Amino acid sequence: MMAQPSGAPVFHPFSVISPEFIAPESLEIIVDKYPCRSLVITDINHKILLKVKPCDTTFHRQRVLLDANDKPISMLRDKGMSMHSRWNVFKGESKSNSDMIFSASKEHAVFQFKINIRVMLANKMRSNESCDFRIKGSWSKGNFTIYMGDSSTAIAEMSKPQALKYAADKFTVTIQPNMDYAFVVALFAIVDAIENPDEVKKGSGGSVGAAFDVLGAVGSLGN
């Protein structure tokens with residue numbers, strides 16, 4: 001869990017996807033990964049908060065972020081031929097540039113094995129500008145942190161608790177107060193897609209239908 005010392009920064013409510021996903025207190029969520037890249041996000045009381053399902057096309061890998069009632073919140077879409085593993089995130093199910101919320105792109109370097117992803121809000125898309133958020137860490141070790149820009153100020157941290165170290169498909173994410181947890185979940189889904197590009201291909205046949213089946217089954221358990 002992310003430590004919160006007495007001198008920890010106090011964030012004003014910060015919304016990227018929607019103000020309805022801002023929690024006034026520090027929030028710990030659990031992310032469960034299911035077959036065909038479906039994600040189910042719950043709180044520590046096992047209440048479903050969000051879901052993510054794949055909806056790939058021939059030329060693009062895509063994820064749709066859903067609320068607990070399966071209402072689309074955001075579309076996550078890779079840029080296809082991008083050299084930097086870039087993903088764009090849009091409002092609802094849109095793919096229009098006018099509805100873009102933010103983009104995330106992986107910075108590549110020779111012999112780089114750790115996560116290093118720049119996140120730019122839609123109003124700051126020029127590559128020469130400083131990033132709004134940065135994601136750093138190690139997927140293989142089960143941890144990464146989301147920082148404000150290039151600072152050392154963390155807004156969220158993913159980890160694999162000692163009790164879950166053998167559960168390859170379960171993670172916990174601790175989010176600072178007043179931060180948009182739907183935004184954090186969207187970033188988690190993007191990192192997962194970038195770091196595991198072959199997992200969808202292995203089970204691509206009927207992936208959308210399978211994803212709906214899995215999410216529907218899990219949703220019925222949470223009701």
Side-chain angles (χ1 to χ4, degrees), residues 1-34 37-53 63 65-71 73-74 76 89 102 104 114-115 117 119 132-149 151-196 214-215 218-219 221-223:
M1 182 180 296
M2 186 161 46
Q4 303 226 5
S6 57
V10 177
F11 296 100
H12 295 292
F14 190 90
S15 170
V16 176
I17 290 180
S18 174
E20 70 178 290
F21 301 112
I22 293 177
E25 306 292 336
S26 177
L27 178 66
E28 183 169 299
I29 60 175
I30 300 169
V31 181
D32 284 290
K33 294 169 58 177
Y34 289 87
R37 313 310 312 132
S38 300
L39 306 178
V40 176
I41 296 84
T42 59
D43 63 15
I44 58 175
N45 296 314
H46 309 293
K47 177 185 176 182
I48 294 177
L49 302 174
L50 298 166
K51 307 173 188 177
V52 179
K53 77 172 184 68
R63 306 287 186 273
L65 178 64
L66 308 164
D67 68 11
N69 298 313
D70 294 329
K71 178 184 176 181
I73 299 168
S74 296
L76 290 55
V89 178
F102 68 90
K114 292 188 176 181
I115 298 168
I117 295 175
V119 181
D132 295 292
F133 299 89
R134 187 176 291 276
I135 308 170
K136 290 184 177 182
S138 172
W139 184 266
S140 62
K141 293 183 179 179
N143 64 77
F144 66 76
T145 302
I146 304 171
Y147 297 96
M148 292 286 290
S151 73
S152 60
T153 302
I155 67 163
E157 182 179 9
M158 183 209 80
S159 62
K160 186 173 285 297
Q162 190 69 17
L164 301 176
K165 65 179 181 178
Y166 299 114
D169 297 325
K170 186 182 291 287
F171 303 85
T172 62
V173 183
T174 304
I175 304 167
Q176 292 280 16
N178 291 323
M179 300 306 300
D180 186 336
Y181 65 84
F183 170 60
V184 172
V185 169
L187 291 178
F188 179 98
I190 290 171
V191 174
D192 180 37
I194 290 175
E195 295 298 314
N196 301 288
V214 169
L215 293 178
V218 174
L221 292 176
N223 293 331

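Note: hydrogens, waters and symmetry copies are ignored here, and every other heavy atom, side chains too, is used. Small disclaimer: the values here were computed from a predicted structure and weren't measured.
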For this session: Would you sort out whether Asp132 and Val119 count as a side-chain contact (heavy atoms from CB on, under 4.5 Å), showing the intermediate values?
Result: CA-CA 6 Å; Asp132 295 292; Val119 181; 5.7 Å; no
Seminar exercise, completed: On a heavy-atom basis, the closest approach of Thr153 and Phe11 is CG2-CZ, 3.5 Å
Seminar exercise, completed: Heavy atoms of Ser74 and Val89 approach each other most closely as CB-CG1, 3.9 Å
Problem set entry | Reference residue Ser159; test side-chain hydrogen bond (donor to acceptor under 3.5 Å, both in side chains); the match among Thr172, Thr145, Thr174 | Thr172
Exercise. Can you name the residues that form a side-chain contact (heavy atoms from CB on, under 4.5 Å) with Tyr181, not counting sequence neighbours?
Worked result: Phe21, Leu27, Leu49, Leu50, Ile175
Exercise. Closest approach of Gln176 and Ala154, non-hydrogen atoms and distance?
Worked result: CG-O, 3.5 Å
Exercise. Who are the side-chain contact (heavy atoms from CB on, under 4.5 Å) partners of Asn143, not counting sequence neighbours?
Worked result: Lys141
Seminar exercise, completed: Separation between CG (Leu39) and NZ (Lys53), nearest 0.5 Å, reads 12.0 Å
Exercise. Does Asp67 have any salt bridge (charged side-chain N to carboxylate O under 4.0 Å, His left out) partners at least two apart in sequence or in another chain, and if so, which?
Worked result: none
Exercise. Roughly how far, to the nearest 0.5 Å, is CD1 of Ile48 from CG of Leu66?
Worked result: 11.0 Å
For this session: Using the six-membered ring wherever Trp is involved, compare the ring planes of Phe14 and Phe133 and label them parallel, tilted or perpendicular (cut-offs 30° and 60°).
Result: perpendicular
Seminar exercise, completed: Rounded to the nearest 0.5 Å, the NZ atom of Lys51 sits from the NZ atom of Lys71 at a distance of 14.5 Å
Exercise. Are the side chain of Asp180 and the backbone of Ser18 linked by a donor-acceptor contact shorter than 3.5 Å?
Worked result: yes
Exercise. Given the rule in the side-chain contact (heavy atoms from CB on, under 4.5 Å) test, do Asn196 and Lys33 qualify, once you have shown the distances and angles that lead to the verdict?
Worked result: CA-CA 12 Å; Asn196 301 288; Lys33 294 169 58 177; 4.0 Å; yes
Exercise. Could you state the interatomic distance from CD1 (Ile117) to CD (Glu195), rounded to the nearest 0.5 Å?
Worked result: 6.5 Å
Exercise. Looking at CD1 of Ile190 and CG of Leu76, how far apart are the two atoms once the value is rounded to the nearest 0.5 Å?
Worked result: 4.5 Å
Seminar exercise, completed: Correct closest heavy-atom pair for Lys170 and Lys160 would be O-NZ, 2.7 Å
For this session: Kindly give the heavy-atom pair with the smallest separation between Val173 and Ala156, and that separation in Å.
Result: CG1-CB, 4.5 Å
Seminar exercise, completed: Note: Ser26 and Pro177 closest approach over all heavy atoms is N-CG, 3.5 Å
For this session: Find out whether Val31 and Val185 are in side-chain contact, i.e. whether some heavy atom of one side chain is under 4.5 Å from a heavy atom of the other.
Result: no
Problem set entry | Pairwise side-chain contact, Ile146 with Phe188, heavy-atom cut-off 4.5 Å (strictly under) | no
For this session: Supply the atom-to-atom distance Ile73 CD1 to Ile17 CD1, rounded to the nearest 0.5 angstrom.
Result: 7.0 Å
Problem set entry | Residues Phe183, Phe102; criterion ring pair (Phe, Tyr, Trp, His ring centres under 6.0 Å); working and verdict | CA-CA 10 Å; Phe183 170 60; Phe102 68 90; 5.0 Å; yes
